[in-house]
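Keep in mind that this is a model prediction, so the values were computed, not measured. Chain A is the first sequence line, chain B the second, and so forth, proteins listed ahead of strands; every chain is numbered from 1.
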There are 2 protein chains.
Amino acid sequence: MSEVAATGISVLLVDDHPIVRQGYRRVLESQGDLHVVAEADNAADAYGAFKTHDPDVVLMDISMPGASGLEAIRNIRARNPRARILVFTMHNEAVLVKAAFSAGASGFVTKSSAPSAVVNAIRSVARGERAMSDDIAHVLAEDSLSTGSALDQLGEREIEILRQFAGGATTEEIATHLNLSVKTVQNYHYLIKTKTGARTDAQLVRLAAACGLTKI
Amino acid sequence: MSEVAATGISVLLVDDHPIVRQGYRRVLESQGDLHVVAEADNAADAYGAFKTHDPDVVLMDISMPGASGLEAIRNIRARNPRARILVFTMHNEAVLVKAAFSAGASGFVTKSSAPSAVVNAIRSVARGERAMSDDIAHVLAEDSLSTGSALDQLGEREIEILRQFAGGATTEEIATHLNLSVKTVQNYHYLIKTKTGARTDAQLVRLAAACGLTKI
DNA sequence: TGCAGCTCGGGCAATTTTCCCAAGCCGGAT
DNA sequence: ATCCGGCTTGGGAAAATTGCCCGAGCTGCA
């Protein structure tokens with residue numbers, strides 16, 4: 001079991017931006033009790049690195065190209081249900097948070113959080129606790145009170161496709177990224193539009209932006 | 001003038017994620033010749049910090065909440081045309097790149113770049129050179145050297161149609177509003193896309209939003 | 001066991017997009 | 001005066017996408 005060793009907490013870093021990873025590594029290692037034992041820039045490598053290094057905590061940005069980060073969470077948890085995965089992303093949409101927790105994440109912090117909040121979250125999940133940043137707790141609280149945002153009715157795949165579409169990807173690019181046929185992506189596109197009530201691609205982009213799914 | 005001092009290159013860091021900023025700071029300061037003199041997490045603060053610190057280089061993520069990063073670039077350059085601004089973002093769309101350069105950026109590197117490429121880009125723009133990462137050069141090359149900046153080359157009618165489109169109007173609605181045939185609106189739509197280099201309606205909306213043509 | 005919902009894609013008519021083209025208008029350059 | 005170039009407006013036709021229908025496999029849940 002990934003008991004926290006007396007030597008500190010071992011961390012696997014998953015983010016698709018090299019310089020961002022390097023920055024995190026330096027921030028974490030300056031803490032003394034945190035040690036980055038491996039890095040990965042995609043879901044498949046993350047799974048491989050987890051198998052070889054068995055880290056105490058996986059710090060993972062789930063908005064990566066290619067396979068969904070949620071997929072990676074599920075894979076890792078399938079291999080070792082004791083794995084502690086702390087999702088670390090700039091998105092703060094309630095649907096995403098709920099999807100991450102139901103995929104097996106132990107915590108969810110946004111990049112808007114103070115660095116100290118992030119390292120504390122790492123220590124919390126290493127102890128087996130659940131952790132989330134204040135803003136995440138806030139959106140979850142509001143979400144539980146509201147009738148539900150337009151995005152709540154979307155499935156995980158739909159969310160991912162909407163994110164990529166709103167980010168500017170073409171249908172073919174999305175199909176390639178997610179290993180789907182163009183036809184399937186087109187169908188999702190149509191489904192998303194009908195579910196959200198958007199009559200225009202532009203409205204879809206605005207919706208995604210309004211929900212924090214994508215930044216402009 | 002922001003001559004590179006003998007002591008090294010002073011950098012203003014602009015990014016809306018605190019831990020990301022802290023990571024960059026550590027990466028940059030480990031270089032010896034780079035010194036982070038200030039940080040900002042939004043466009044307004046970036047302008048203020050620039051006024052007080054007059055850094056050699058501004059390293060800026062333009063995908064920030066609220067006001068556009070492009071606006072911030074314009075403001076800074078309006079105050080000091082010698083300002084060196086290196087855009088640093090995860091987006092690699094030709095429209096955005098062109099918009100950034102026409103707003104006055106000296107360079108554009110993506111977060112997919114190797115850390116060494118980023119620090120070298122900082123040194124390049126500090127010397128007054130233009131810098132861009134390989135992937136950016138590639139998308140610009142593919143975009144061909146069609147024409148100049150993003151929105152400047154659009155006529156009145158095109159701007160108006162783009163505004164309504166990005167606002168969520170359908171082609172027919174725009175045609176009705178402007179007393180045009182649907183065909184004409186379609187032709188404008190196509191023309192705007194080719195002129196701006198947008199390959200997707202979503203990219204068009206993002207461009208319009210980035211240029212302040214529409215608010216999300 | 002069965003229902004419900006997600007995921008994935010085929011099919012096909014209807015529409016839209018993509019280009020190419022022409023014509024009228026207007027301002028500026030020659 | 002004349003011509004050039006750019007804006008505005010639209011036609012046309014092939015290519016692509018959309019809108020909507022469908023079925024099949026899978027998972028979770030009752």
> Does Lys111(A) have any side chain to side chain donor-acceptor pair (under 3.5 Å) partners at least two apart in sequence or in another chain, and if so, which?
Replying inline: Asp15(A), Tyr24(A), Asp61(A)
> Which two nucleotides bound the region of DNA chain D that has atoms under 4.0 Å from heavy atoms of chain B, read 5' to 3'?
Replying inline: dC7(D) to dA13(D)
>> If I take atom CD from residue Glu129(B) and atom CG from residue Asn120(B), how far apart are they, to the nearest 0.5 angstrom?
In response: 10.5 Å
>> Which is more 5' along DNA chain D, the nucleotide nearest Leu180(B) or the one nearest Arg199(A)? Just name the residue.
In response: Leu180(B)
>> In whole Å, I'd like the distance from the CD atom of Glu160(A) to the P atom of dC8(C).
In response: 11 Å
> Which of residues 184-194 of chain A sit near DNA chain C, with a heavy atom under 4.0 Å from it?
Replying inline: Thr184(A), Asn187(A), Tyr188(A)
> If only atom types and distance count, is the side chain of Thr196(B) paired as donor or acceptor with the main-chain N or O of Ile192(B) below 3.5 Å?
Replying inline: yes
> Is it the case that Arg130(B) places NZ or CZ above or below the six-membered ring of Phe108(B), under 6.0 angstrom from the centre and within 45 degrees of the axis?
Replying inline: no
>> I want to check one thing: is the phosphate of dC8(C), taken as OP1 and OP2, less than 4.0 Å away from some side-chain N or O of Ser181(A)?
In response: no
> For Asp134(B), does the CG atom sit with more than 12 other heavy atoms under 6.0 Å from it, leaving out its own atoms?
Replying inline: no
>> Applying salt bridge (charged side-chain N to carboxylate O under 4.0 Å, His left out) to Glu173(A) and Arg199(B), what does each step give before you reach the verdict?
In response: CA-CA 12 Å; Glu173(A) 286 167 354; Arg199(B) 295 175 359 259; 2.6 Å; yes
>> Whether the side chain of Lys183(B) and the base of dT15(C) hold a donor-acceptor pair under 3.5 Å is what I'd like checked.
In response: no
>> In this structure, how many angstroms lie between the P atom of dG9(C) and the CD1 atom of Ile161(A), rounded?
In response: 10 Å
>> When you compare the side chains of Arg26(A) and Gln22(B), does any donor N or O come within less than 3.5 Å of an acceptor on the partner?
In response: no
> Does a side chain donor of either His35(A) or Glu29(A) reach within less than 3.5 Å of an acceptor in the other side chain?
Replying inline: no
